[in-house]
Amino acid sequence: MPGGDARETAKTVTGSFEDFPHLPELPARGPGADMIGRTLGMLVEMYAHVEPSGWRISDRPGRDTRRAGSWLGEDLDALEEFTQGYEGPLKVQAVGPWTLAAALELRGGEAVLSDPGACRDLAGSLAEGLRDHLAEVRRRVPGARVALQLDEPSITAVLRGQVRSASGYRTHRATDRQVVEATLREVIGDETAIVHSCAPDVPFALLRRAGAAAVSFDFTLLTERDEEAIGEAVEGGTQLFAGVVPSTDPASAGLSDPGGSVMGVRTLWRRLGLNPGTLAESVVITPTCGLAGASPAYARAALAHCARAARSLADNPE
């Protein structure tokens with residue numbers, strides 16, 4: 001979300017999604033509030049600090065790690081305030097192990113992705129840190145059924161060997177699909193997990209095998225070759241978080257027609273031969289990606305529009 005006011009944002013989110021609120025992220029506050037820094041602040045016995053090139057592993061916790069923890073605490077305080085007595089699903093986000101490994105630097109400056117042992121250590125630390133974080137969320141909002149979203153925008157690049165080295169002159173070798181899948185499964189554990197990627201060519205089948213109960217994606221980037229995997233996902237009980245609402249302001253004129261926003265979802269359903277009656281339980285309507293680059297007014301409008309579009313889809317699945 002845009003801006004830096006945790007209370008105001010929590011109020012907006014809980015008001016827009018009365019039956020599916022989430023813990024917002026506010027990256028405009030600076031390093032430690034960004035998605036990478038926020039997740040690094042959750043790690044157990046692994047630390048990082050900010051270099052000009054990005055986040056780098058440290059020997060001990062420092063100012064940047066403490067700042068990340070402080071902001072997360074502030075966000076949890078605000079969420080707790082506006083979810084008093086709430087019972088129902090609640091979503092929290094963190095960066096997944098592969099996008100984190102592609103973004104975090106080893107002490108020498110190369111990505112963690114370049115070192116299989118470091119990748120394993122990072123995934124283990126993340127898994128433990130997330131368990132602690134989710135336990136804290138459940139303590140603060142005891143009526144919540146917590147869903148964990150893992151943000152993995154780099155996962156396709158990791159699988160294809162497209163993550164650039166520190167020099168920029170080469171790329172890191174592709175990571176074995178079985179290793180990617182097993183690591184995700186370890187981090188997901190027994191949690192109800194959504195894996196999100198707003199990049200093209202989301203590996204739907206791999207994410208399902210890794211234990212994702214839902215896959216979140218930019219619907220506008222789908223191609224025909226994605227359709228078979230989506231059909232199999234739906235028939236296998238996987239939920240789809242379809243990003244159909246623009247995540248930045250210029251398209252604000254497109255928020256006047258909730259039914260039009262989900263027309264593509266209805267069309268895809270018909271093309272796949274799926275039962276229209278399952279749309280409401282199979283699909284969640286979301287923005288195409290995060291709203292941090294939007295104006296506060298547009299972000300509020302986009303959230304409200306998602307809710308209206310979802311109601312349109314449920315009321316008129318055909």
Side-chain angles (χ1 to χ4, degrees), residues 17 19-20 22 88-93 96 98 145-153 155-156 159 177-178 180-182 184-185 187-247 258-290 303 305-318:
F17 298 122
D19 54 358
F20 195 13
H22 64 269
L90 169 68
K91 183 170 76 69
V92 300
Q93 304 85 236
W98 293 108
R145 299 194 308 274
V146 180
L148 170 64
Q149 175 175 309
L150 291 176
D151 291 319
E152 282 283 17
I155 194 166
T156 300
L159 288 165
R177 297 181 76 86
Q178 291 183 323
V180 171
E181 180 184 323
L184 270 174
R185 189 182 298 112
V187 173
I188 289 171
D190 296 327
E191 299 297 336
T192 300
I194 304 143
V195 180
H196 166 73
S197 173
C198 51
D201 299 321
V202 175
F204 288 94
L206 183 151
L207 300 180
R208 288 176 54 221
R209 290 194 303 270
V215 180
S216 173
F217 57 97
D218 182 342
F219 190 85
T220 67
L221 296 179
L222 290 183
T223 64
E224 284 186 21
R225 66 176 178 268
D226 294 311
E227 292 186 2
E228 183 179 350
I230 288 175
E232 290 175 355
V234 172
E235 289 175 343
T238 304
Q239 277 196 312
L240 304 179
F241 281 47
V244 299
V245 177
S247 55
S261 293
V262 291
M263 189 181 302
V265 179
R266 290 194 189 97
T267 301
L268 175 63
W269 229 248
R270 282 197 300 272
R271 207 157 54 234
L272 292 175
L274 296 168
N275 177 5
T278 65
L279 264 170
E281 62 194 46
S282 298
V283 177
V284 175
I285 298 301
T286 75
T288 52
C289 205
L303 293 182
H305 187 80
C306 284
R308 288 195 299 271
R311 279 195 293 272
S312 169
L313 196 62
D315 294 342
N316 302 294
E318 303 275 3

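Start at 1 with the first residue, then count along the sequence. In this text the structure is predicted, and so the values were computed from the model without any measurement. Scope of the values below: all heavy atoms of this structure, side chains included, with no hydrogens, waters or symmetry mates.
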Sequence-distant partners of [X], side chain to side chain contact (heavy atoms under 4.5 Å, CB included), two or more places apart:
| X | answer |
| --- | --- |
| R185 | E181, A182 |
| P203 | I155, T156, L159, R177, L206, L207 |
| R208 | E232, A233, T238 |

What's the separation between atom [atom1] in [X] and atom [atom2] in [Y], rounded to the nearest 0.5 Å?
| X | Y | atom1 | atom2 | value |
| --- | --- | --- | --- | --- |
| L272 | E228 | CG | CD | 10.0 Å |
| R270 | N275 | CZ | CG | 13.5 Å |
| I285 | L240 | CD1 | CG | 9.5 Å |
| F20 | R145 | CZ | CZ | 9.5 Å |

Identify every side-chain donor-acceptor pair in residues 306-318 under 3.5 Å, counting partners at least two apart or on other chains, and give the distances.
residue	atom	partner	partner atom	Å
S312	OG	R266	NH2	3.1

Solution key, residues 210-226 side-chain donor-acceptor pairs under 3.5 Å, sequence neighbours excluded:
residue	atom	partner	partner atom	Å
S216	OG	H196	ND1	2.9
D218	OD1	T220	N	2.9
D218	OD1	T220	OG1	2.5
D218	OD2	T220	OG1	3.4
T223	OG1	D226	OD2	3.4
R225	NE	D201	OD1	3.4
R225	NH2	D201	OD1	2.8
R225	NH2	D201	OD2	3.4
D226	OD2	T223	N	2.9

- Any pair counted as ring pair (Phe, Tyr, Trp, His ring centres under 6.0 Å), so long as it reaches residues 265-290, sequence neighbours left out: none

- Query: By side-chain hydrogen bond (donor to acceptor under 3.5 Å, both in side chains), which residues pair with Q149, not counting sequence neighbours?
  - Reply: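 In terms of side-chain hydrogen bond (donor to acceptor under 3.5 Å, both in side chains), with neighbours along the sequence ignored, Q149 is linked to K91, D151.
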
- Note on the structure: Residues at least two apart in sequence or cross-chain that pass side-chain hydrogen bond (donor to acceptor under 3.5 Å, both in side chains) with S282, listed by chain then number, are none

- Which pair of heavy atoms, one from D19 and one from P89, lies closest together, and at what distance?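 Taking every non-hydrogen atom into account, O-CG, 3.3 Å.
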
- Note on the structure: On a heavy-atom basis, the closest approach of A242 and V265 is CB-CG2, 4.4 Å

- Any donor-acceptor pair under 3.5 Å from W98 side chain to E152 backbone: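 No: the side chain of W98 does not pair with the backbone of E152.
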
- Item | Worked check of side chain to side chain contact (heavy atoms under 4.5 Å, CB included) between L148 and T192 | CA-CA 6 Å; L148 170 64; T192 300; over 6 Å; no

- Sequence neighbours excluded, which residues qualify as salt bridge (Lys or Arg N to Asp or Glu O under 4.0 Å) partners of E227?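 Testing E227 for salt bridge (Lys or Arg N to Asp or Glu O under 4.0 Å), a comparison that skips the adjacent residues, returns R271.
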
- Task: Would you mind reporting whether I194 and L150 have side-chain heavy atoms less than 4.5 Å apart?
- Result: no

